Amino acid sequence: MNVFKSLNQRGQHNWIKIVCLAVGLATGIVLIGKAGFEQSWDKFFPTSDRIYVVCEDIIMDGEYKHYPQTAGAVAHGIKCYCPQVEAATRYTSFAWDMPIVTDDDKRVRTNYAVVDSCFFDVFPFRVLVGNPKKTLSQVDCCMIPRSLAEKLMGIENPLDLVGKKIYYNIRGGWALTVGGIYEDIPLNSKLHGMEVMVSMPTITRIMFDGRDNWVGNDRYEGYVRLAKGITPDDLKPQIEKMKRDNLPLDELKKAGVDLGFSVQPLVDYHTKDEGTRRMTWIISILAAVLIGCAVMNYLLLVIGGISQRAKEMAVHQCYGAEARHIYQKVLTESVIHLLLSLTLAALLLFLFKDTIEELVGAPLIVLLLTGSNIWLIVSTCLVVLLITGLVPSWIYTHIPLAAAFKNYNHSHRLWKLLLLGLQFASATFLIVLLIVVGRQYRMMVHDNLGYDYSTLGSMLVDGVSIEQRQLAMDELRKLSFVKGVTMSYANLTQHQSGDNILLPGDDREYMNIADLYYVGDGYFDVMEIPLVSGRTFTEQTDTLREVMVSRKFEERMKELAGWDQALGKQIICTSFQGPYTIVGVFEDTRIGSITNPDTRPSVCYYSRKPEQMHYILIRFQSMDGLEAANKLVKELVTDNPDISIVPYNQMVTELYADAHRFRTTVMIGGLVALIIALIGLIGYLAGEIARRQKEIAIRKVNGARIADVLKLFHTDILRVALPAVVIGATGAWYVARLWLEQFSEKTTLSPIILVGGALAVIIVILSVVCLGCYRVASSNPVNYLKTE
C-alpha cells in the first residue's frame, strides 16, 4: 500500500515515468510481435519439418534461375519415383479477388485455385465437414474455408452451404458444388489467401490442362512430405532418373537449356528469404531502440530524484534495513510501475487496434500469441524490470549513510548525460531513417513507368458479357472528358506469364519473355507508351501474324542472334503457333514494381475480340471525370454490380503498401522516441537549473546576459547531443542501406540527408533548452540569493 501512496510523491515524476514506459512498451511489443510473426511461418503443422516445396532449377545461356513453380506432372512424379516421399500435391491459382455468388445473390470477393485430391494429405488442415479426397476428385466441386462460408450463409449456419451451388463472378454463370468446408489457413502460411479450392478435374473448364506436362506451363506449386529421417539429398538419384525418363533432354540441350528439380523446406521458404530476414532484423532494432529509449528515460528520471530519496533510504538503513531490503523495496516499486505501464500499454493497444493491424498487416491477437511471441514479450518485460529495479537499487545502496543526512546532492551528471545521449541517439536514428524511407516511398509512387498513368483508369471486366463490354467502351468514348478507350489482356502493375522465344528453323530457345498477350485498338496511344520504331497495330492492316516487341527485346536479340534491327524479323513464341512478324518496337515499360520487378523483355499481339481481354483502359482529360464515368458504367454493366474504374495511380500506390506501412511505423517510432527524449531533457534541465540556480544568479549579478546564461546550458547539452546524433545518424545510415537493398531502384543515401536529419534533431533539442531555461535566465537574481 505504501508503494501505491508513493506514486504521487513530489519530485519523483512517477506518472511521467509510467506513461513514457507504457508508450515505449506498447510500440516495442507490437514490433516484437511482428518480428516473431515473420519467423513463425508454416511451423504450426505437426509435420512442418518434413514438408518441402518442389522447385525448378534452370540454367539458360549460362544463367542460373530458381523458381518455386514447376510443370504439372513434377510433384506427383517425385512421389512415384521416390519411395521416401509419403505424399505429394500440387495446385495453381487462377483468379484473385474475384466474386463468388450464391443463389440468393450474396457476393463475396475471394481467391480461387485448382487443387488436386491429395492436398489435405500433405497439409493437415482441419476439415469441418466433407470428404476432401472425394470432393477434389469430381468435376465442378470445391471446398471453401469456414470464414467464407460464414459470410455467405451467416455465422449461425455456415456448414449448411455444403451441397449447395455457388457461382463464379456472376449468378447463373459457371456453377460449383460445395463439397466441404475447412478451417481457415492461418495468416503465417505460404498458402494463406488460397480460399476456394476447385477440384483438379475442373481445370479443363478454366485454362489449358497442363497437369500432365513435364516441360512448359510451369505454373503449378508443388509440395511433398518426406518420411521421417529423410533429407533432400536422399532424393537426388531418383529425381535424376525421373528427369532421364520423362524430360526431352536432347531437345532441351539443343535449345541451350538445362532443367532440373529440387525441394526446399517449407519452413525456410519465408523465414530464410533474404527480404524477410532483413526486415525482421530492422524491426527488431526498432523495437530495441524504442523500449531502450523508454527505459533510459525512466532511469534518467530516477537518477534525477535520487538526492530527494537518499535520506529516505538512509532512515530505512538506520532502522536495520540491509542492502537486500533496499533492493526488495525498489524492485517492488519497479514491479508496480511496470504493471501500471503494461496496463496502460494494453489500453493504448486496444484504442489503436485498427491502426496497428493496418500497419502490421495482421490481427493484434495473432501478433501477441503466435509461436514464441508471448515468451519474447515476457522476456522483454523481465529485462525491463531488472534494469529499472537493479540500477536504482545499486545507486541507493552505495550512497554513504553520513552523506545522505547531510543533504546529499550528488548530481550523477555522468549517468544523466550518458542516458540523455543514448536517448538523443535513438531519436536521431529513427528521424534520419524516416527521412530515407520517406524519400524512397515518394520515389516509388512517383516512379516513371514508361507511360503516363496520372489520368489513366483501369476496369477489370472478367465475368462481364461481350455485349456489355462493347457497350461500355462505346458509351465511354462518347464522354467529353474521355480522350480514349482500349482493352488489354495484361495489367502492367503485375508480373506476367512467361514464354520462350525461338526463331523459324532454329530449335534454340533464345530467352524467356514477359508475354502481354493481346491489346486492342489504340492501346499504345491510350497508354501513351512511346513507339521506338515501326508502327502499332491497326484494324486496317493484316495483324493476324504481327507482333510488337519492347526495346529491351530488340537489344537482347542483337546480342543473342546478331540482329541489326527487329523490324521485319520473324519470331516464334511458345504460346502462339507459327511465326509472327515484328512490325513495331515500343519503349520499355515497368512491369511489376520496384520491389518486385519483372525485368524480362516483353511482347504483345493484337486482337479485336473483347472476350480475350481482361481490362478496359480509359484515358481521361482529368481524373475529375472519374465519378461520372463510374456512374455510367454501373448503369450499363449489370452483369457485375461490383465493377468500377480504378485510378491507375491508386494501383501503383497499392504496390508499395508494405513500404507505406514501414514508413508510418518508423514515423510513429521516431515521434515516440523524440518525445520521450525531450521529456528526459526537460527533466534533466529542471534538475540542473535547481542545482545551479544560485550560480546563474551570481553570473547575472556580475553582468551576464540572458544569451550568456542560455549559452551555458546549450554548451553543456551540445557536448552530449553532437556525438549522440552522429552515432544515431550513422546507425540510421547502416539500417537504411540494409532496407534499401530490397529495391531494384533506390533513393540516394546522400550525406546531406544524414546531416539534415541530425541538424533537425539538434535544433529541436536547443529549442527545448531555450524554453526550459529562459525563465531562470530572465528572472531577477535576487529571488535566488535572498536566502543566502
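Quantities reported herein were computed from a predicted structural model and do not represent experimental measurements.
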Using ring-ring contact (aromatic ring centres under 6.0 Å, His included) as the criterion, list what pairs up with Phe45, not counting sequence neighbours.
-> Phe123, Phe125

Identify, with sequence neighbours excluded, every residue that meets ring-ring contact (aromatic ring centres under 6.0 Å, His included) alongside Phe94.
-> Tyr112

Output all residues satisfying ring-ring contact (aromatic ring centres under 6.0 Å, His included) with Tyr298, sequence neighbours left out; order by chain, then residue number.
-> His337

Atom pairs and distances, side-chain donor-acceptor, residues 662-676, under 3.5 Å, sequence neighbours left out:
{"unit_1": "Arg663", "atom_1": "NH2", "unit_2": "His660", "atom_2": "NE2", "d": "3.3"}
{"unit_1": "Thr664", "atom_1": "OG1", "unit_2": "His660", "atom_2": "O", "d": "2.9"}
{"unit_1": "Thr665", "atom_1": "OG1", "unit_2": "Arg661", "atom_2": "O", "d": "2.8"}

Scan for side chain to side chain donor-acceptor pair (under 3.5 Å) pairs involving residues 354-369, sequence neighbours excluded, and state none if there are none.
-> Lys353-Glu357

Here the salt bridge (charged side-chain N to carboxylate O under 4.0 Å, His left out) pairs for residues 29-38, sequence neighbours left out, are Lys34-Glu38

The side-chain contact (heavy atoms from CB on, under 4.5 Å) partners of Val646 (sequence neighbours excluded) come to Ser644, Gln650, Met651

Sequence neighbours excluded, the answer for ring-ring contact (aromatic ring centres under 6.0 Å, His included) partners of His192 is none

Side-chain donor-acceptor pair present, Ser48, Asp42, cut-off under 3.5 Å | no

Listing, residues 143-152 side-chain donor-acceptor contacts under 3.5 Å, not counting sequence neighbours, or none:
{"unit_1": "Arg146", "atom_1": "NE", "unit_2": "Glu150", "atom_2": "OE2", "d": "3.0"}
{"unit_1": "Ser147", "atom_1": "OG", "unit_2": "Asp184", "atom_2": "OD2", "d": "2.3"}

Any residue meeting side chain to side chain donor-acceptor pair (under 3.5 Å) with Arg109, in chain and number order, not counting sequence neighbours | Asp97

With Asp273 via salt bridge (Lys or Arg N to Asp or Glu O under 4.0 Å) - residues at least two apart | none

Sequence neighbours excluded - salt bridge (charged side-chain N to carboxylate O under 4.0 Å, His left out) pairs with any residue from residues 425-437 = none

